[in-house]
Amino acid sequence: MSKKRVIAKVDGNEIYFWQYEDTMVSFATEVLKKNIEELTPTEYETCSKEALNKVIANELFYLDGFDAGIEVNDTDIELMLGEFKKFFSQTDYDIFLSEREMTEYEFKDYVRKQLIKDRYINALLKKIPEASVEEIESFYQKAKDKISLPPQFSFVVTYIDSNVETDKERFKSLLSNIATKKVDSEIAIKILDDVKLALNGVNVVSYEKKSVEDMNPHVKQLLLSIEDGCFSPIYEAPDEVSIFYMKKKELNIPMTEEECRKEAERYYKVVRLKKILDAYVESLKEKRKIEVLL
C-alpha cells in the first residue's frame, strides 16, 4: 500500500496516508503510551479517529493562515529542516523520504505548510483571554480528589550487555526459574548478584522512586504488571535481554494542596485551549470542502 495514497482532501489540497500514519503513531506513543502494534481494537479506532481529525485540522489551519497572509521564507524552512535532520543520519533521512515516496523538495513544501500552520495557531492563541481565577478554582474543586503524582517504581533491573547469542541464552537460562516468581528482597538481590558473578557482561542497576514520565512505554507496561516482591518475565527487546524485580510500586501518590492546585491549573489551561481550538476547527470546516477517502 502506497504511503502517498490520498486519504483526504480539503478544498482539493491532498492529505497523504503517511501524514495520517505518522500522526497515529504519535498519538499512540504520547497519549496512549503504547506502540501502535500494541493497541486494542477500541484503542486503534480511537487513535485512527484522532489522527484523521488532526491532519484535517492541520490543513484547515494552514489554509486559513495562508489566506490571512502568513508567509515563511527559504531561511525559515532551511532552519526548521536543519533542526529536523539533527535526529537523523543522512542514510536514515533518505530512508524517511523514500518510505513516504517524497523528494526533498516535496518535504520542504510540507515544512513550509507546517510553519504557516504553527504561526497561525500561535497568533490565534495570543488572542484568547487567560483563564479566570474563578474558572481555575471551580475546576480544582471538581478535580482535586482525582489528581495525583505519576506512578513511581522502586525496582532492580538486571540485563546483559552482550551481542553474543550464547551469552544471552545462558542469561535467560540462569534466570528462567525465578521469572514471574515472588521472592524475598534480600534473596532476590543475592540471586542477581550471583548471576552477575557467573556471567560476563551482566549489570544489576537499582532505581528508587523512578517516575513513569520518562519511561519507555514497553517497560512502563511491564512494571505496572509486576506485583511488589516479584520478578518480571524475561524481557527481550531488539538490543536487550533483561529481568526486573519490583521492590515497591506506588500508583496513587497524593500531592500537597499547593502541588494539586498547580497541576489543576496547568491541566485546565491545556484542556480549555484545546476546546477553544476544536470549536474553531468546526467553524473552519463550514468554510471548506472536505473529502475523506480513507
Side-chain angles (χ1 to χ4, degrees), residues 1-39 43-44 47-66 70-123 125 159 161-163 213-221 235-242 292-294:
M1 180 186 297
S2 171
K3 291 196 177 186
K4 208 172 181 181
R5 176 167 61 96
V6 177
I7 56 100
K9 294 181 182 179
V10 180
D11 275 5
N13 287 265
E14 297 175 334
I15 300 170
Y16 300 112
F17 181 81
W18 71 262
Q19 294 171 256
Y20 159 78
E21 185 179 55
D22 286 357
T23 306
M24 276 193 73
V25 169
S26 294
F27 184 84
T29 304
E30 295 169 13
V31 179
L32 302 179
K33 306 301 181 184
K34 290 184 177 181
N35 286 339
I36 199 83
E37 298 84 6
E38 300 175 316
L39 301 181
E43 289 172 334
Y44 189 90
C47 195
S48 174
K49 182 179 178 180
E50 290 288 338
L52 182 61
N53 287 339
K54 184 168 183 179
V55 293
I56 288 174
N58 285 346
E59 195 66 27
L60 288 165
F61 281 129
Y62 156 68
L63 289 170
D64 226 43
F66 182 81
I70 292 178
E71 298 179 351
V72 296
N73 57 40
D74 290 344
T75 301
D76 296 326
I77 294 169
E78 290 298 334
L79 282 173
M80 187 171 179
L81 185 62
E83 288 298 313
F84 178 81
K85 291 172 76 172
K86 285 181 181 178
F87 297 96
F88 295 85
S89 67
Q90 185 60 47
T91 299
D92 289 339
Y93 176 64
D94 291 341
I95 291 171
F96 171 86
L97 295 178
S98 176
E99 286 179 342
R100 291 156 181 77
E101 301 172 41
M102 277 192 298
T103 63
E104 185 167 67
Y105 177 82
E106 290 172 317
F107 187 52
K108 284 183 178 181
D109 187 58
Y110 172 76
V111 169
R112 176 186 65 83
K113 293 172 70 173
Q114 293 304 299
L115 281 169
I116 290 173
K117 180 261 297 181
D118 289 344
R119 290 181 180 182
Y120 184 60
I121 290 175
N122 287 335
L125 291 175
Y159 65 95
D161 188 9
S162 172
N163 292 321
E213 290 183 307
D214 58 350
M215 198 172 283
N216 176 300
H218 288 292
V219 173
K220 174 189 169 183
Q221 291 301 318
Y235 175 70
E236 295 188 65
D239 57 350
E240 180 183 339
V241 180
S242 55
V292 177
L293 310 171
L294 190 61

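Residues passing the side chain to side chain donor-acceptor pair (under 3.5 Å) test with Y20, sequence neighbours excluded: S48. For K49, there are no side chain to side chain donor-acceptor pair (under 3.5 Å) partners two or more places apart in sequence or in a different chain. Contacts of D118 classified as side chain to side chain contact (heavy atoms under 4.5 Å, CB included), with partners at least two apart in sequence or in another chain: none. Looking at residues two or more places apart in sequence or on another chain, you find no salt bridge (charged side-chain N to carboxylate O under 4.0 Å, His left out) involving K54. Evaluation of the salt bridge (charged side-chain N to carboxylate O under 4.0 Å, His left out) rule for E21 yields K3 as partners, not counting sequence neighbours. Under the rule for a side chain to side chain donor-acceptor pair (under 3.5 Å), N53 has no partner lying at least two apart in sequence or in another chain.
Of the inter-residue distances, the one linking K113 atom NZ with I77 atom CD1 reads 12.5 Å to the nearest 0.5 angstrom. Here the CD atom belonging to Q114 is positioned 7.5 Å from the CD atom belonging to Q19, to the nearest 0.5 angstrom. One finds the CD1 atom of I70 at 11.5 Å from the CZ atom of F61 (value rounded to the nearest 0.5 Å). Expressed to the nearest 0.5 Å, how far CD of E106 lies from CD of E101 amounts to 10.0 Å. From F88, atom CZ reaches atom CG of D94 across 11.0 Å, with rounding to the nearest 0.5 Å. For the atom pair I116 CD1 and D64 CG, the distance stands at 12.0 Å (nearest 0.5 Å).
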- Message: side-chain contact (heavy atoms from CB on, under 4.5 Å), that's the test. Do R100 and D22 meet it? Break it down for me.
- Response: CA-CA 10 Å; R100 291 156 181 77; D22 286 357; 3.0 Å; yes
- Test side-chain contact (heavy atoms from CB on, under 4.5 Å) on L81 and F107 and set out the steps. CA-CA 9 Å; L81 185 62; F107 187 52; 3.5 Å; yes
- Message: Run K108 and E78 through side-chain contact (heavy atoms from CB on, under 4.5 Å) and show every step you take.
- Response: CA-CA 8 Å; K108 284 183 178 181; E78 290 298 334; 2.7 Å; yes
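In this structure the side chain of M80 never reaches within 4.5 angstrom of the side chain of V72, judged on heavy atoms. Counting heavy atoms from C-beta on, the side chains of R112 and L115 never come closer than 4.5 Å. Side-chain contact check for Y16 versus I7: every heavy-atom pair is 4.5 Å or farther apart. At least one side-chain heavy atom of V219 sits less than 4.5 Å from a side-chain heavy atom of Y235. Using a 4.5 Å cut-off on side-chain heavy atoms (C-beta onward), E83 and K86 make contact.
Checking side-chain atoms of R119 against main-chain N and O of E71 turns up a donor-acceptor pair under 3.5 Å. N73 contributes a side-chain N or O that, together with a main-chain N or O of T75, makes up a donor-acceptor pair within less than 3.5 Å. Not one N or O on the side chain of E59 forms a donor-acceptor pair closer than 3.5 Å with the backbone of I56. For T29 (side chain) and V25 (main-chain N/O), a donor-acceptor pair under 3.5 Å exists by modelled atom type.
Checked against the 6.0 Å centroid criterion, the rings of F84 and F96 qualify as a close aromatic pair.
Across all their heavy atoms, I36 and M24 have their closest contact at CD1-CE, 3.7 Å. Between T23 and A51, the shortest heavy-atom distance links the atoms CG2-CA, 3.8 Å. In terms of heavy atoms, F17 sits closest to S2 at CB-O, 4.1 Å.
Crowding of Y44 atom OH: a count of heavy atoms from other residues, nucleotides or ligands under 6.0 Å not exceeding 12.
The aromatic rings of Y62 and F66 lie tilted to each other, with the angle between the two planes from 30° to 60°.
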